[in-house]
Amino acid sequence: MKLTIERAALLRALGHVQSAVERRNTIPILSNVLLSADRDRLTFSATDLDMEIVDEAVAQVDQPGQITAPAHTLYEIVRKLPEGADVSLSFTGEDPRLTVAAGRSRFNLPVLPAGDFPVMSSEGFAGSMAVDVNDLIRLIDKTRFAISAEETRYYLNGLYLHTIIVDGQARLRAVATDGSRLALADMPAPEGAAGAPGVIVPRKTIGEARRLLEDAGETVDLQISPQKIRMELNGAALTSKVIDGNFPDYGRVIPKDNNRTVMVDAKLFAQAVDRVATISAEKSRSVRMAIESGRVVLTVRNMEAGQAVEELEIDYDGEPFELSFNARYLLDITDQISGGTAELRFGGPNDPALVLDPADADVQYILMPLRV
Amino acid sequence: MPIRRLPTELINRIAAGEVVERPASAVKELVENALDAGASEVQVQADGGGLTRILVADDGGGLTADELPLAVERHATSKLAPDDAGDYDLLRIATLGFRGEALPSIGSVARLSITSRARGQADAHAIFVDGGAVGQVSPAAFPGPHGARVEVRDLFYATPARLKFMKSERSEAQAITEELKRQAMAHEAVGFALDLDGRRTLRLPAEAPGDEGRLARLGAIMGREFSDNALLIDHEREGVRLSGYAGLPTYNRGNAAHQYLFVNGRPVRDRLLQGALRGAYADFLARDRHPACALYVELDPGLVDVNVHPAKAEVRFRDPALVRGLIVGGLRHALAAAGHRASTTVAMAALGGFRAETMPPVPHRPSGGGFSAWAQGGWTPTPTAQAIPGLSEVSARAEPEPDLAGFADAPAATPAFDLVDFPLGAARAQVHETYIVAQTRDGMVIVDQHAAHERLVYERMKAEMAEGGVARQALLLPEVVELDPAEAERVAARADELAALGLVVEPFGPGAVLVREVPALLGDTDVIGLVRDIADDLSENGSALALKERLEEVCGTMACHGSVRSGRRLTAPEMNALLRQMEATPHSGQCNHGRPTYVELKLADIERLFGRR
């Protein structure tokens, strides 16, 4: 294999695939990226056995061939090469290593045979749907913060992507929950979405997909099978296994008759919560909200660090009531409010609270109170 | 096969299987008889691991010629007497034995001979039993004024099957030693001696009855280190008295072998003890370290059932929660009173580390005592000299002794009052930016600044948690945890206790509980694992330690992050403040993992190092 490629193209493609590679591996070849040179293209492929990212770049191929080399090292090298450099990659019979050369720099990297590199099959997908890139970005951004990191409930370690009929209209919906809060975002179902199975997309895949979407064009091609999800965009492709489990019936926990509605300026509220939470040294970060007609009083009391109280104007007209929340959870949610105002709907002191965004009817957040 | 009544001899052999399991259990039965007979001196000889010959001689009340044949008969005993109405009360057993099974059982599987002179009798008599065949009572010679000698030869010769299951002579001899030690721990006023194969291996002279004698006895058995590092426990609640000695947390062991429990003078093995000890030492010891202790529970014989195990190694309390509470409470009380005392073992080990090597002469620092320059002021000592409860014992040690007065006026120019008089003394220097060296009235103290501060922060956080309650995060999706039905019931029964710690559970059909709220402190946690751990704890120890430990672990981690690290330079006022806080904080003598936070070297020890003594 022998080829020359422009540094920027090489860096971009390596940047896309290298983050699929885990830092530490027990199987050595998983640390490597598969390089395949053919005609006028260099194809990159990296995997952690659960997910595979493939990308390609234009290159001047003198001699086609395939080899695998350490992904992170290669990426670091290319990153440090001067801008605009032409990089030559060669693996010929003479040196059993991959030679990377640019200008006066030369690197020889250990390789492993391309034939041993695990390739994820991209078969079994029934059909595909074309999804607007910004819509997909929105679905992910509005919900991913609520994905659980706790591994015993593995079925919560991902984003639940599925189609659903709401008021006679097909919607593509993403839901994430960690058991104490839930985030949900909708979009009109794209063509071809009907009949796609609901899948739980792992957290890591969501992160990688989100990164790739940054560099994508206008639409991505989404394919979903009960076992895998595949996303094709701009020459790159991400294929990932999905979590084999049943996502809980979240519809049950969405409160229907929370009738104490509080309208609050999202930004001011977030700032106030953040300020008073400075006092709560402990991990629970409990913030007490005393809501009464026209105002909310946020209180954090901590035996050691003291006490913080902040008052905020709200649009509420009803009986006063009090409840507590985890400050971080409150902030995570108010961060997602795109309009200026957040709509908080409360039930009883032990009931879940519903947070809505009047500027975006397609998102819903649910948050359980803290009991002190 | 028709049903038939078994001959008495066979019945005895079957019973022997339960009562006399191995030579050590024969020794136990015979020693208990001796103790019940009021012996003040018990001598035991065992040959061939006790299989060849066991002899137990005592100076107790002895048996008369008439009693001898009865003694070897099954279910004949002097230890149960009918009350006025002619009823026997098995619920009020004040003696060690009561079933009347030991001697006939042993007699049915061995060659047994009993020689005895009853108190006040001129003649001594003997009786022989050979594999169950009882011989005639005959006159015999007896060395002492009264007492009994019971000799067992060829144990298990009549039951060859059992004989095959014996371990090596060595391990049987070991078991006998252990058994005798346990009995000896329970009866400090009785002298014990053990000869193995003609060699004296254990000699425990009778001690004065009471705590001091008991401590001496425990020291003789568990080692001097134990008696040096033991805390006296003496606690009474609702007629149940707990006494004995427990080791300081810094004197810990790798296994639970040095934990002894005695109930009314009877050594017992009880899981209750293990759980209670873990509960009491939870804050001070890592999970894989174990405290050493010998605890004595005395209570009305009616409140404990000793008749649940043929060898009486287990007992059943009528109110186990009371006994458990007493043990945990008594130990915690004693540990709190010990305040910041760290074990002398640590100091001894530290001393051992010093070597009187001839070192190349170190160039002398010209400064006329760089440290004393510090000590002479520049900071105002913060008088945190409130009376510290429980510290009295320690501070008493630190009180100025007249003959040391000359030593005290060396560096510290006495300000308003003397920092040296505090238990942890006046900070003189920080070395390696990790250890604080302080001078006390009669020695010096080296403090690990990180470990000490970590403990202080941890204690404060715990107090906060106790005061403020545990915030609970309600779950949007309640978690169903599958357990076996008994476990689920046990967990559900403790729902209130768990709720106080922030875990709200409710029963969810047979074999499952539903978790509705979890302690917010734990964050996104493995709820199922937590509940399973709690269920295991409840069945093993009868209390939900797992949850508390989990919370304290989080506190411990946060304490670690929130405390002064090694490598941080401290000023003299900072160091002195830390020492004063340590004195005012309970349990500051060890870090959360049972390691000491400071060691104290007495002046005498230092002088010894330099050969001045």
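Labels below follow one simple rule: chain letters A, B, ... track the order of the sequence lines, proteins then strands, and each chain is numbered from 1.
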Sorted by first residue and then second, give each side chain to side chain donor-acceptor pair (under 3.5 Å) pair with at least one member in residues 355-364 of chain A; sequence neighbours left out.
R138(A)-D360(A), R171(A)-D362(A), S338(A)-D357(A)

Under 4.5 Å heavy-atom distance to chain A, tell me which part of L475(B) shows up: side chain, backbone, both or neither.
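Both backbone and side chain.
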
At under 4.5 Å between heavy atoms, what parts of residues 477-489 of chain B are in contact with chain A? List them by residue number.
L477(B), E479(B)

Contacting moiety of [X], where chain B heavy atoms sit under 4.5 Å:
X       : value
R181(A) : backbone
T177(A) : side chain
Y329(A) : side chain

Going by the side chain to side chain contact (heavy atoms under 4.5 Å, CB included) test, name the single residue among V253(A), I254(A), D178(A), L367(A) that passes it with L476(B).
V253(A)

Is it the case that over 12 heavy atoms from other parts of the model lie below 6.0 angstrom from the [atom1] atom of [X]?
X       : atom1 : answer
Y435(B) : OH    : no
Y250(A) : OH    : yes
N246(A) : CG    : no
H162(A) : NE2   : yes

First locate atom OG of S180(A), then atom CD of E517(B), and finally report the distance between them rounded to the nearest 0.5 Å.
11.5 Å

Where is the tightest heavy-atom contact between Q473(B) and M368(A), given as atom of each residue plus distance?
NE2-O, 3.1 Å

